[in-house]
Amino acid sequence: MSDMIAIKKVVLKERHLRPGRTKHFLCDSQGKSEFAPFTSLEIAQYPGDSGFYLLHLCENGKGTDTYHATLNDALHQAEFEFEVRAEEWDETQKLT
């Protein structure tokens with residue numbers, strides 16, 4: 001499968017909810033722990049996939065994602081979770 005293509009991104013600022021309204025956990029060989037605070041979000045898509053991934057990224061390079069059927073669903077999730085407004089997103093690649 002091809003690599004994911006980032007479509008939009010935003011750096012989380014002081015005005016955004018941090019942590020967000022949803023808890024995300026990392027499960028690894030050391031057990032279950034919460035992620036470090038997320039510092040940015042990206043919305044990405046695999047070529048040929050109709051859905052979108054909302055990537056939650058930490059300063060330490062770790063992160064997680066949520067899958068959404070539409071771009072609007074991913075944008076609404078970011079707005080609910082972190083209070084990211086639609087006009088705050090930077091477009092990194094146009095949808096075709």
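When a residue number appears, it is its place in the shown sequence, counting from 1. Remember, predicted model here, so these are calculated numbers, not experimental data.
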Sort and list the pairs that fulfil salt bridge (Lys or Arg N to Asp or Glu O under 4.0 Å) and have at least one residue in residues 29-39, not counting sequence neighbours.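 Counting only pairs at least two positions apart or across chains, the salt bridge (Lys or Arg N to Asp or Glu O under 4.0 Å) contacts touching residues 29-39 are Lys23-Glu34.
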[atom1]/[X] to [atom2]/[Y] distance, rounded to the nearest 0.5 angstrom?
X     : Y     : atom1 : atom2 : value
Lys13 : Thr39 : NZ    : OG1   : 10.5 Å
Glu14 : Leu12 : CD    : CG    : 12.0 Å
Met4  : Asp49 : CE    : CG    : 8.5 Å
Leu26 : Lys62 : CG    : NZ    : 5.5 Å
Tyr53 : Thr64 : OH    : OG1   : 12.0 Å

Same apolar cluster: Leu17 and Phe80, side chain cutoff 4.5 Å: no
Are Val11 and Ile43 in one and the same hydrophobic cluster, where Ile, Leu, Val, Met, Phe, Trp and Tyr link if side-chain heavy atoms are under 4.5 Å apart?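 In one cluster with Val11: Ile43, no.
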Evaluate the side chain to side chain contact (heavy atoms under 4.5 Å, CB included) criterion for residues Leu41 and Lys8: first the C-alpha distance (whole Å), next the side-chain angles of each, then the deciding distance (0.1 Å), finally the verdict. CA-CA 8 Å; Leu41 304 174; Lys8 295 181 176 285; over 6 Å; no
With sequence neighbours excluded, what pairs up with His76 under the side-chain contact (heavy atoms from CB on, under 4.5 Å) test? Asn72, Glu79
Charged N to carboxylate O below 4.0 Å: is that the case for Arg15 and Glu88?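 Result for this pair is yes, salt bridge flagged.
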By side-chain hydrogen bond (donor to acceptor under 3.5 Å, both in side chains), which residues pair with [X], not counting sequence neighbours?
X     : value
Glu42 : none
Thr70 : Asp73
Glu87 : Arg85
Thr66 : His68

Quick check: do [X] and [Y] have side-chain heavy atoms less than 4.5 Å from each other?
X     : Y     : value
Gln45 : Ile5  : no
His56 : Glu81 : yes
Gln77 : Thr22 : yes

Just by distance, do the side chain of Ser40 and the backbone of Val10 share a donor-acceptor pair under 3.5 Å? no
Quick check: does any side chain N or O of Arg21 sit under 3.5 Å from a backbone N or O of Glu83, one acting as donor and the other as acceptor?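 Judged by distance alone, no pair lies under 3.5 Å.
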Show your working on side chain to side chain contact (heavy atoms under 4.5 Å, CB included) between Phe38 and Glu59 and close with a plain yes or no. CA-CA 7 Å; Phe38 298 119; Glu59 191 171 336; over 6 Å; no
Centres of the Phe52 and Tyr67 rings: under 6.0 Å?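 Between Phe52 and Tyr67, the centre distance exceeds or equals 6.0 Å.
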Can you name the closest pair of heavy atoms from [X] and [Y] and give their distance?
X     : Y     : result
Ala6  : Ala44 : CA-CB, 4.0 Å
Ala78 : Trp89 : CB-CZ2, 3.5 Å
Ala36 : Cys58 : O-SG, 3.3 Å

